[in-house]
Every structure is written in structure tokens, then in C-alpha cells.
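Worth saying up front: this structure is predicted, and the values here are computed from it rather than measured. Just so it is clear, the values below take in all heavy atoms, side chains as well, and ignore hydrogens, waters and symmetry mates. Note that the numbering runs from 1 along the sequence shown for the chain.
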Amino acid sequence: MPSQPEIKPETYISVDVETAGPTPEEYSMLSIGACLVDDPDSGFYVELKPLTDNVQESSLAVSGLSMESLARDGLTPIDAMRQFEDWVELVTPKGNVPVFVAFNAVFDWMWVDTYFHRYLKRNPFGHSAIDMKAYFMGMTGSTWAETSMRFLSPHYLAGRHLSHNALGDARDQADLFRQVKAEAEAGHRSA
């Protein structure tokens, strides 16, 4: 009988990004916020120099970031991604696997993964990501529409709205994930 692969302990890291538009091929990632799900005070935040002038005004309106300020004061993408990788390695205990956790992870993941591979040729998260919306659907049997913050914030975040500051949102999303995960684990134990 083949042996089972070793399951390593996991370190859940909540990640949020703000961008200048919908895709990394045409637009720029403007900021990254991250925190440990189980210790949101342990956080990371960086603002990046834009790669292009391409912008969707609606994206900037959400984040409140300025392309001009970022072009002057933001870190180069390679420096930002090095700092992010260093932080992920710092907060992930030896022997653990860092797991990317995001609210609608397909969006945040595509940006972070693209930038990690474009600038560092590697991603410290490997292929490990959890989408909170899909996790909630699986736990509750809800529809995709019922996973929006409009439905989840009143129950898990006391009605708080996301600030669209990448670190603030990562912390709120960590709070949300801890609560949803605890409910899932409680339901699993009682089943």
C-alpha cells in the first residue's frame, strides 16, 4: 500500500490588493496588504510604482490611490515583491506551508502570482490559495450572490464595509475567515 504524503502545518495569510484596472496584462498593481489570519496585527503593506499609465477611473475611485504619488513614492515592483516574499517567509514558521487566503481569491491571486513570477520567477505560496467566497458556499450551500459582503458583513463584521486600503481589507477578511472557518469546524464536529 503506498504511503500517504506528509501533511505539513499551514499558515493562513490573508491578502488583498488594489489595482489600476481588472487585469495584470494591461494595468498595474498599486498596493498589497497582508496579515496572518490568526494574528492580524502581524501585517504587511506596500505601495508600488505603476508599470503603465493605463487606469480605470473606477478602480482608483475605490482605492483613493494616486498614480502620480505612486509613480513618485511607490516601490519598484521587484523591490515590493522581494519585501512581500521576505515577510511571508518571516511569518511562516519553519516546516509550515504559507496559504494565500482572499475574498474572491481569483482576482487577488492573479495579480500577486503574476507579479511574483514576473519579477522573482517564483511564488512563496506555490499554488496554495483559499477563496473565502467558495469556502463559504461549500460550508452553507449558498449561492455565489449570497457570498457578497452585502450578505456576510452584517453577520461576521458587524456591518463594517471594507475600506479598500489593502492592509485594512486583509485584516477585515482575516476576521471574516476566522469566524467562517470556526463555524465550519463546529459544524463538522457536530455532524
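- Side-chain atoms of K49 come within 3.5 Å of backbone N or O of G74 as a donor-acceptor pair.
- Residues Y27 and Q56 share a closest heavy-atom pair of OH-CG, 3.8 Å.
- Scanning for salt bridge (Lys or Arg N to Asp or Glu O under 4.0 Å) contacts around D113 gives an empty result, with sequence neighbours left out.
- F177 pairs with exactly one of F103, Y156, Y12 by the ring pair (Phe, Tyr, Trp, His ring centres under 6.0 Å) rule, that one being Y12.
- Looking at T114, its side chain never comes within 3.5 Å of a backbone N or O of W111 through a donor-acceptor pair.
- Contact annotation: the side chain of L152 never approaches that of K133 to less than 4.5 Å [non-hydrogen atoms, C-beta and beyond].
- A salt bridge links E185 with K181: the closest approach of a Lys/Arg side-chain nitrogen to an acidic carboxylate oxygen falls below 4.0 angstrom.
- Between atom CD of residue E85 and atom CZ of residue F44 there is a gap of 11.0 Å, rounded to the nearest 0.5 Å.
- Taking CZ from R72 and OG from S66, the interatomic distance works out to 7.0 Å, rounded to the nearest 0.5 Å.
- Grouping the Ile, Leu, Val, Met, Phe, Trp and Tyr side chains by contacts below 4.5 angstrom, directly or via other members, places M110 with L120.
- In this structure, the side chains of P40 and D175 stay at 4.5 Å or more apart for every pair of heavy atoms.
- Linking Ile, Leu, Val, Met, Phe, Trp and Tyr whenever their side-chain heavy atoms come within less than 4.5 Å puts V91 and M81 in one cluster.
- Residues Y119 and V46 share a hydrophobic cluster, clusters being chains of Ile/Leu/Val/Met/Phe/Trp/Tyr side chains in contact below 4.5 Å.
- For G95 against P9, the heavy-atom pair with the smallest separation is O-CD, 3.6 Å.
- In this structure, H164 NE2 and L65 CG are separated by 11.5 Å, a value rounded to the nearest 0.5 Å.
- Contact between P77 and L48 at its shortest, heavy atoms only, is CA-CD2, 4.0 Å.
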Below 3.5 Å, can you tabulate the donor-acceptor pairs from side chains in residues 28-38 to any protein atom, sequence neighbours excluded?
from, atom 1, to, atom 2, distance (Å)
S28, OG, L51, N, 2.7
S28, OG, T52, N, 3.4

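- No side-chain N or O of D79 forms a donor-acceptor pair with one of Q83 less than 3.5 Å apart.
- Residues T92 and F125 are not in side-chain contact: their nearest non-hydrogen atoms beyond the backbone lie 4.5 Å or more apart.
- In this structure a side-chain-to-backbone donor-acceptor pair under 3.5 Å is present from D169 to S163.
- With sequence neighbours excluded, the residues forming a side chain to side chain donor-acceptor pair (under 3.5 Å) with Y45 are E47, listed by chain and number.
- With sequence neighbours left out, the side chain to side chain donor-acceptor pair (under 3.5 Å) criterion links R171 to no other residue.
- Within the 4.5 Å cutoff, side-chain heavy atoms of F100 are placed close to those of V15.
- At distances below 3.5 Å, at least one donor-acceptor pair connects side-chain atoms of D108 with backbone N or O atoms of V17.
- The two residues A170 and D16 come nearest to each other via the heavy atoms N-CB, 4.0 Å.
- The shortest heavy-atom contact between A184 and Y135 is CB-OH, 3.7 Å.
- When atom types are taken as modelled, the side chain of S128 and the backbone of V99 share no donor-acceptor pair closer than 3.5 angstrom.
- Residues V180 and M137 fall into different hydrophobic clusters, defined by Ile, Leu, Val, Met, Phe, Trp and Tyr side chains chained together at heavy-atom separations under 4.5 Å.
- Between L60 and M67 the shortest side-chain heavy-atom distance falls below 4.5 Å.
- One finds the CH2 atom of W109 at 14.5 Å from the CG atom of N104 (value rounded to the nearest 0.5 Å).
- For F116, the ring pair (Phe, Tyr, Trp, His ring centres under 6.0 Å) criterion is met by F84, not counting sequence neighbours.
- The shortest heavy-atom contact between S63 and E18 is CB-OE1, 3.7 Å.
- Annotation: the span from L167 atom CG to D172 atom CG amounts to 10.0 Å, rounded to 0.5 Å.
- Formation of a donor-acceptor pair under 3.5 Å by the N165 side chain with backbone atoms of G168 is found in this model.
- A heavy-atom distance below 4.5 Å is found between the side chains of L162 and Q173.
- In terms of hydrophobic clustering, with Ile, Leu, Val, Met, Phe, Trp and Tyr side chains grouped at heavy-atom distances under 4.5 Å, M132 and M149 are assigned to a common cluster.
- Within a 6.0 Å radius of CG in D53, other residues, nucleotides and ligands contribute 12 heavy atoms or fewer.
- Under the rule for a side chain to side chain donor-acceptor pair (under 3.5 Å), E26 has no partner lying at least two apart in sequence or in another chain.
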